[in-house]
Amino acid sequence: MVELSHSGLNIAQQEAVNYLHGPCLVLAGAGSGKTRVITHKIGRLIQTGVPAKRIAAITFTNKAAQEMRERAKTLIGKPAKDLTICTFHALGVHILRQDGEVLGLKQNFSILDSDDVFGIIRDAGAGADTATARAWQWKISSWKNIGLNSETALAQAQTDEDKSVALLMARYEERLSAYQSVDFDDLIGLPLQLLAKSEEVRTKWQKHLAHVLIDEVQDTNATQYAVLKHLVGQNGRFTAVGDDDQSIYGWRGATLDNLKQLPIDYPHLKVIKLEQNYRSTSAILTAANNVIGPNPRLFVKNLWSALGEGEPVRVVEADTEEHEAERAVARIQSIRAGSLPLAGRAATEFKDFAILYRANHQAKPFEKALRKAQIPYKVSGGQSFFDRAEIKDLCAWLRLWVNPNDDPAFMRSVTTPKRGIGHQTLAQLGHFATQYKTSLYEALFASSLGSVVNQKGLESLHEFGRLVNDLSYQASKISGQEAALAFLLQWLKDIDYEQHLMDGEDSEKAAASRWANVLDFIDWMAKRCGGEIEDTTAVNLVSERRTVLEVAQTIALITTLSEKEKDQNLVTLSTLHASKGLEWPHVILAGVNEDSLPFKPNDSDDLSKEVIGQRIEEERRLMYVGITRAQLSLAVSYSKKRKKGREMINALPSRFIAEMGLNQATAKEDPREKLRALRAEFAQKALRQGDMS
Ligand code: ATP
Ligand code: MG
């Protein structure tokens, strides 16, 4: 039996952890230990004899899942490996891989990412420009999120525009099913259909899952809530934790209606509130409470902290965004040099800092300033190199060389660049493969394929199959940097990839920048073939010549394995959305200007007062999330001017800064800070010189 101590939980938390016999909702403000309740409750369930494999915990992001897995491992040890800890989407994949056949889905169905989906939608609505196709994609996704399909969307369409998008959606659905592919929304929508439709499947999952725990429940959408209800059944063996004040994904279909619905759907719901915040000082909490105050709230909470008043929250005013970034760097240097009391903690490290902002593009000046100051940082919540469409294209080909049965890779490669194999032919191939339960690649070489695909289609498919075979063979023979580079470049030339990029982009500049990424990637591959770059995915250090295929194999790992970044000592740059659930000793909220936070979209002039009001409320919750990430110190910064296109325009501080209700006398950042930073810099220089002598 696992020993588990409940020290480190307050009475309300213990109550939530020990309540095992019915549905339980922990509703509490930021930093009050909700996520901690989930990990401890997993431990408690195991302690009472529930097998780990019958416990599922659902998190909002993959990263949160990874963290929870690690915490669970520390808490309960070995059995942790059998737990299901993942996002709703990953759980959806799991369910569909097991039981998707009931819906006619092949077991190794492909999961299309947003770029794949965009391509199909643009194709289906021939001739659309990028912005229109994106708008269609967005609309179709929102419909799927509220449970509509093309038929029901058409039936309820009010405008001609909506009607034509619903018709387009029907074509999109046809293609997905022919390709045996699903999109991200389907990873929730299809499990829901499956669980609703098949009593057998539903009963199986309800029997299998003894308890479901769900974090950040305020950001679930209607479909996710419906899936949850099916999984936990009438008795509702679940623990949900959340905070209505941190609901920040309304724009993506998340709805607080779920929180309102819980006590109605489960009349025996046990509601537990947590009011002690263990994360932040009182100064930070007061600012957070003040900001969220004006919002209409489902449940009013009284958060308090026993950590003392702490450092006053600072407001930093800068002339421009560049200046704002310099000041942020100065602040980091000064705190590192010891300008703040450490509240009993060890010396301040780079990883103790986060700079948070509303939108990805705001990271740029901060990256520049950090680089200039030689401060290591990472950008999270932004686009990673491997997420770029062009890199994914290439990786799809590489994956196919390694494993031709990888259907998603097949689909992407055979259509990127286009090679005159029409979607009709691919649909027939898809049907054939489903019927005989083979991969697309295997189906391609089946002798009876000719009975369903016409001669021209068949020839093109065979030609593609031979090309893949040939490339795969060569890749298994060629090694060393120079030879690999020559081979990869020749391959790109043969498939005419540069032209493909030109055709796909509205501007030449965008295509050129994608092509530059491609060349970077190829170069990096070739260096790995020459043993010049260390392979971080290998168990041992690899520093010898390898074949292209061997290197390609490890790349598949890199795209699927999120590299561990936890122990790295780096400053975090992150969007506010991606910062949810996390905490840092020192936080700088940057770009807190009107029009940035609250964000003012271009289309906002046409919106009704009510909709604008709701958006401001969501932005206010975002500000609340940002403030409550900070443990010891918080600075809020804004600039008086900002760039708009090529012009500099005047900018105003965000209304949220006034709403924080700070003490004017202490809020202004100490002017001596700059001096301290300079001193710290000198001290470090002296140290470096000392090293060299
Ligand atoms: P958020 O709303 O931001 O997701 P949360 O409510 O999930 O926050 P946690 O992340 O679980 O809060 O906890 C916040 C911090 O407080 C963590 O560092 C956690 O370890 C600590 N903490 C939680 N409960 C306790 C406790 N009873 N005693 C000491 N520390 C605690
Ligand atoms: Mg949490």
Side-chain angles (χ1 to χ4, degrees), residues 4-18 24-44 57-61 63-72 74-75 85 87 213-220 239-249 254 259 272-282 284-285 288-289 291-292 297-299 301-308 310 343-345 351-352 354 356 566 574 576-587 589 621-632 634:
L4 187 75
S5 139
H6 281 319
S7 59
L9 291 179
N10 62 33
I11 293 184
Q13 286 175 320
Q14 287 185 32
E15 196 185 354
V17 165
N18 291 321
C24 177
L25 170 66
V26 178
L27 195 71
S32 59
K34 298 181 296 294
T35 303
R36 192 175 175 114
V37 161
I38 293 204
T39 19
H40 280 256
K41 192 153 184 178
I42 292 174
R44 176 74 185 133
I58 303 172
T59 60
F60 196 72
T61 60
K63 203 169 148 211
Q66 192 186 340
E67 247 182 61
M68 190 173 288
R69 227 173 273 133
E70 273 160 30
R71 284 199 214 169
T74 321
L75 210 60
I85 301 181
T87 63
L213 303 105
I214 164 164
D215 201 0
E216 311 271 9
V217 68
Q218 77 279 359
D219 277 323
T220 50
T239 302
V241 313
D243 177 6
D244 50 311
D245 293 335
Q246 293 187 68
S247 141
I248 54 175
Y249 281 89
L259 267 185
I272 293 171
K273 295 188 181 172
L274 311 175
E275 303 209 305
Q276 179 167 2
N277 169 298
Y278 290 91
R279 179 179 292 147
S280 316
T281 61
S282 299
I284 293 166
L285 262 193
N289 286 335
V291 161
I292 203 66
R297 299 154 81 186
L298 272 187
F299 304 89
K301 284 153 249 142
N302 244 333
L303 272 187
W304 60 277
S305 161
L307 298 176
R345 290 168 191 252
K351 66 172 190 286
D352 294 338
L356 309 177
K566 214 178 98 236
S574 169
L576 287 163
H577 281 100
S579 77
K580 206 170 69 154
L582 306 176
E583 59 191 17
W584 293 269
H586 307 283
V587 170
L589 286 188
R621 290 192 291 267
L622 202 50
M623 179 77 181
Y624 173 78
V625 168
I627 296 172
T628 53
R629 297 310 97 199
Q631 297 174 298
L632 292 177
L634 173 68

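Atoms within a ligand are numbered from 1 in the order they appear, just like the ligands themselves.
Under 2.8 Å from the Mg ion (ligand 2), one finds the following protein N/O/S atoms: Thr35 OG1.
Looking at Ile627, Leu303, Asn302, Thr628 one by one, the single match for side-chain contact (heavy atoms from CB on, under 4.5 Å) with Asn289 turns out to be Leu303. Among Asp352, Leu632, Leu582, Leu356, the single residue meeting the side-chain contact (heavy atoms from CB on, under 4.5 Å) criterion with Val587 is Leu356.
When hydrogens are left out, the protein atom nearest atom 7 (O) of ligand 1 is Thr35 OG1, 2.8 Å; that is the closest non-hydrogen contact.
For the ligand labelled ligand 1, residue Asp243 lies outside the 4.0 Å heavy-atom shell. Between Ala28 and ligand 1 there is no heavy-atom distance shorter than 4.0 Å.
Counting heavy atoms under 4.0 Å from ligand 1, residue Asn10 touches it through the backbone alone. Contacts between Lys580 and ligand 1 below 4.0 angstrom, taking non-hydrogen atoms only, are absent altogether.
Taking the side-chain hydrogen bond (donor to acceptor under 3.5 Å, both in side chains) definition, one finds that Thr35 meets it with Asp215, sequence neighbours left out. Residues passing the side-chain hydrogen bond (donor to acceptor under 3.5 Å, both in side chains) test with Glu15, sequence neighbours excluded: Lys270. Under the salt bridge (charged side-chain N to carboxylate O under 4.0 Å, His left out) criterion, Asp219 pairs with Lys580, sequence neighbours left out.
Taking every heavy atom of Gln13 and a limit of under 4.0 angstrom, the matching atoms of ligand 1 come to 23 (C), 24 (N), 26 (C), 27 (N).
One option in Glu216, Glu583, Gln276, Gln218 has a heavy atom closer to atom 18 (O) of ligand 1 than any other, and that option is Glu583. Counting heavy atoms only, Arg36 comes closest to atom 23 (C) of ligand 1 of the residues Arg36, Arg629, Lys34, His40.
Some N or O of Gly31 is nearer than 3.5 Å to an N or O of ligand 1, by distance alone.
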